[in-house]
Every structure is written in C-alpha cells, then in structure tokens.
Q: 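Here you go, one structure.
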Amino acid sequence: MNEILHNALKDFHIEDFQKSLVNWYEAEKRDLPWRRTNDPYKIWVSEVMLQQTRVDTVIPYYNRFLEKFPTLQDFAEAQEDEILKAWEGLGYYSRVRNLQSAVREVAEIYEGRVPENIDEFQALKGVGPYTAGAVMSIAFNKPEPAVDGNVMRVFSRIFSIEEDIAKPKTRKLFEELVKEVIDPENPSPFNQGIMELGALICTPQAPSCLLCPVREHCKGFHEGKETMLPIKQTKKKIKNKKWIAAIVMTDTGEFVIRKRPRTGLLASMWEYPNWERDEGDARNLETFRLSLKEELGMDIQTMEPLTTVKHVFSHVEWEMDAYVVKGLLHHKINSPYLQVQESQLAQYAFPVPFQKMWEAYKNTLVNSGKGS
DNA sequence: CATCCGTGGGT
DNA sequence: TACCCAAGGAT
C-alpha cells in the first residue's frame, strides 16, 4: 500500500467511522426524488444529471424527464430533438446523447436490464468511474467507490491529505482510500453519506464542523486545517469570442433557426443564425448581410439592432450583438436551416444565450405595443 | 495529462 | 465584479 494511504489509515477507527456516518445519513438524509426508487435506470438518470450540477437544479429536470421517459425502453425509443428538449438549460448536452446511446445499448445487448457488473456498466458511453461506482453501490448495493468532488473534499479533510484534487491521479488515490474504508455491509448509505455530508456539513466554505457526526475522526479538524483543505489548483482564464446574430423573420411570418453541428460546443442544439465577428472591423455588418443573402437566399428588407447578449460558458465567453432582420426568402432554405412558425419554436431545444436573445426580442414587441 | 464541455448560485 | 463551485466524462 502506498505511503499516503498507509499514513491515512494509521490510528483510524474504521468501524466507528462507518457506523457514525451511516447512522447520521439514515437519520438526516434529504428526501430526494431519486431516493424513492430502486430502479437502476432512474438512479442512472439522476447520476448523469447530477454531474457537475446542483441538486436544486436537477430536481425539476429529473421529475419532468421521468414523466416523459418513465422506462429505459421509452428513453431508448425517443427522438434526438425530444431528449435535447428534455435537457434544455441543464448544460453539458453530450450527457443526454451519451446516455441515450448507452441506454440503447442496454436495450439491445443486455435485454433492457442495466448490467450489474461494474466493468460492463462503465464501458457504456457517458459512464465514467464515478457514475459506475455510484449506480453499482446505490442501485445494487455493491461495495464500489464513487469518488466525486464531495468525496475528495471530505476525505481530504478527514485524512488531512494535501494532494491536488484537480489532478486526475488524485482521484485514484481516493478510490483506493474508499476501498479501504467503505462499509461492506452498507455501501449505498456509506457512499451517499459521504456525499450528503459534503453537501450539508462539510461544505466547501465554512464547514459546520461542530455539527459533524464524524468530527472525532477528522484529522484536518484536529489540526485546525479544515478550511485549508482540500488543495486545488486554480484554473486559467477563459477566452472571449464575439458573434453577430439575428432573429430572422421571413415575409410569411416564420422564423429562421439553425441546428448546430453534431460535435463541439452546444452540439446538436438549435440556434438563431450567427457568425463570428472581428472586433473593430467596420465591415462586420456588411459581411453579416452577405452571409444572410448567400446562405439563406434572403433579401433583407429591415435590420435593426436588438441587444448584446453576454454569456459565460465553462471555458469560453460569448458576446453576441443581436439584430432583428425581416426579409424575403426566394428559395426553400436547406439544412441545417429551418423556417418555423412561432408556435412551433417551443419544440426545439435552445441553449441559454439564444433563449436570452429571444426574450429580448419578445420584450421589444411588448414595449412597442406589438406584443400579445 | 490538459482541454473541452453549460449553467446558475454564492461570496 | 470576478471569481469559485456542483453527485464528471470524453478526447
């Protein structure tokens, strides 16, 4: 066993720790929708939604999702636009496409039953070490580690571990540590207990150590280092990208939208037509007119400034100058473009920056007395 | 291993 | 305002 592990476990009362944690979890756990089921499909859905996403954000999405796709088979048979719409606003959209790909594989290869073998399950798309361990332990009560940010923070403090939790290698260290201390009789409440502790007590800022059920086991607390842990390398600054975009309405009163490429940022989501813009280039607007004319075959009648939308993603920032364009379409437009009635817009999934743009458009209609 | 991939809330 | 953070995974 490696040095850090050996050191961490020295003088650590494993069984007392397990009991204190599991008892606290059973007494204090929140009543969350995915804790009311044993269906591995539903637990799987919850775990994917919860990746890098807060509980309060997930709850309404989870409920709506399972209302729409109650069974694994229902979700396997759904159309891409349907599943993206169900995920709209939740972010990290490849999660839902990977989830469907994985679910379809389960439907076809495993006769619709979620594999109980962790290696088979983790081989599915979108299922990494954390999700595999979480579903195996929570749905099937298997003693597998499920190391997320909570677990690394809580265990960094309990064992006073100063490894950088931003480094991939560190997650493996914590997996080994969990394997040593997990309660083999109660893997599900143990794993969920650590995460619940991280969410309710052992929080990133100002942990409530005086309320902590495992305080007496916490080396970081005893050393007065709990607020110094975990150690995490800071990430670098994000870049800025500038766009010019438009709400385009045709002479027939329809709106022009566009499907984004299958890969990359906001993959397969819908958007309003937009092109990259060069800062300080006076020809931006003229280039924009040309793009609309050439790509859409549109004669522009009016073009008025709408708003500027700023949106910060995980690694890039957008600044979109938005316009409202009205024009004549001479030909049928081609994929990836689509012209739809306003009443049909709601069935297409738009990422947040374009939702902001549409809201601004609706507001101008209301303010100018043209709204409904 | 570093970077890409969303969004909203907290300080 | 400018960060940080939240039940990560793919490439």
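Treat the numbers as computed from the prediction; the structure is a model and nothing was measured. Labels below follow one simple rule: chain letters A, B, ... track the order of the sequence lines, proteins then strands, and each chain is numbered from 1.
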Q: Answer with base, sugar-phosphate or nothing: what part of the nucleic acid does A:G264 contact at a heavy-atom distance below 4.0 Å?
A: sugar-phosphate

Q: Quick check: A:W358 with A:F350 (ring centres under 6.0 Å apart)?
A: no

Q: Suppose we call a contact any N or O donor and acceptor under 3.5 Å apart; does that hold for the side chain of A:T57 and the base of B:dG9?
A: no

Q: Could you give the CG-to-C1' distance, from A:L266 to B:dT7, as a whole number of Å?
A: 11 Å

Q: Relative to A:W275, does A:R258 satisfy both conditions: NZ or CZ under 6.0 angstrom from the six-membered ring centre, and within 45 degrees of the ring's axis?
A: yes

Q: Which part of the nucleic acid, if any, lies within contact of A:R153, taking any heavy atom under 4.0 Å across all strands shown: a base, the sugar-phosphate backbone alone, or nothing?
A: sugar-phosphate

Q: Would you kindly give the NZ-to-P distance between A:K125 and C:dT11, to the nearest whole Å?
A: 8 Å

Q: What's the CG-P distance between A:L229 and C:dC4, to the nearest Å?
A: 18 Å

Q: Examine A:Y41 together with A:W44 and report whether their ring centres are nearer than 6.0 Å.
A: no

Q: When the distance from CZ of A:R54 to P of C:dC4 is rounded to whole Å, what number comes out?
A: 14 Å

Q: Distance between the P atoms of C:dT11 and B:dG6, in whole angstroms?
A: 14 Å

Q: Just to be sure I understand the rule, does A:K167 reach a base, reach only the sugar-phosphate, or reach nothing, if contact means heavy atoms closer than 4.0 Å?
A: nothing

Q: Closer to the 5' end of DNA chain C via nearest nucleotide, is it A:K237 or A:T203?
A: A:K237

Q: Has A:Y92 got a side-chain N or O lying under 4.0 Å from the OP1 or OP2 atom of B:dC4?
A: no

Q: Give a yes/no on whether any side-chain N or O of A:T131 is located under 4.0 angstrom from OP1 or OP2 of C:dG9.
A: yes

Q: Is A:Q192 touching bases, backbone alone, or none of the nucleic acid, heavy atoms closer than 4.0 Å?
A: nothing

Q: For A:G126 and for A:Q205, locate the closest nucleotide of DNA chain C by heavy-atom distance; then report the residue assigned to the nucleotide nearer the 5' terminus.
A: A:Q205

Q: Nearest whole Å is fine: how far is C:dG8 C1' from A:L50 CG?
A: 11 Å

Q: Assign each of A:Q233 and A:Y93 to its nearest nucleotide of DNA chain B by heavy atoms, then name whichever residue's nucleotide is nearer the 5' end.
A: A:Q233

Q: To the nearest 0.5 angstrom, please state how far the CG atom of A:L290 sits from the CG atom of A:L285.
A: 12.0 Å

Q: Sticking with atom P, work out how far C:dC4 lies from B:dT3, rounded to a whole angstrom.
A: 15 Å

Q: Would you mind classifying the nucleic acid contact of A:V58 as base, sugar-phosphate or nothing, using non-hydrogen atoms under 4.0 angstrom?
A: nothing

Q: At under 4.0 Å between heavy atoms, what does A:R260 touch on the DNA or RNA strands: base, sugar-phosphate, or nothing?
A: nothing

Q: Classify the nucleic acid contact of A:L32 as base, sugar-phosphate or nothing, counting any heavy atom under 4.0 Å across all strands shown.
A: base

Q: In whole angstroms, how far is the P atom of B:dC4 from the CD atom of A:E317?
A: 15 Å

Q: To the nearest Å, give me how far apart CG (A:D56) and C1' (B:dG9) are.
A: 10 Å

Q: A:E88 CD to B:dG8 P: how many Å, rounded?
A: 11 Å

Q: Measure from the side-chain heavy atoms of A:D148 and tell me the nearest of B:dG6, B:dC1, C:dG8.
A: C:dG8

Q: Taking all non-hydrogen atoms of both residues into account, name the closest pair between A:L21 and A:V214 and its distance.
A: N-CG1, 4.1 Å

Q: Within the structure, does a side-chain N or O atom of A:H315 lie under 4.0 Å from either OP1 or OP2 of B:dC4?
A: no

Q: Suppose we call two aromatic rings close when their centres sit under 6.0 Å apart. Are A:F12 and A:F159 close by that rule?
A: yes

Q: Let's see if you can work this out: which of B:dT7, C:dC5, C:dG9 has an atom nearest to the side-chain heavy atoms of A:V352?
A: B:dT7

Q: Base, sugar-phosphate, or nothing: which does A:W318 touch, judged by heavy atoms less than 4.0 Å apart?
A: nothing

Q: So, is A:H311 near the phosphate of B:dT7, with a side-chain N or O under 4.0 Å from OP1 or OP2?
A: yes

Q: Between the side-chain atoms of A:R95 and the base atoms of B:dC5, is any donor-acceptor pair under 3.5 Å?
A: no

Q: 5'-most contact on DNA chain B: A:Q52 or A:P168, nearest heavy atom basis?
A: A:P168

Q: Does NZ or CZ of A:R171 fall inside the cone over A:F174's six-membered ring, less than 6.0 Å from its centre and within 45° of the axis?
A: no

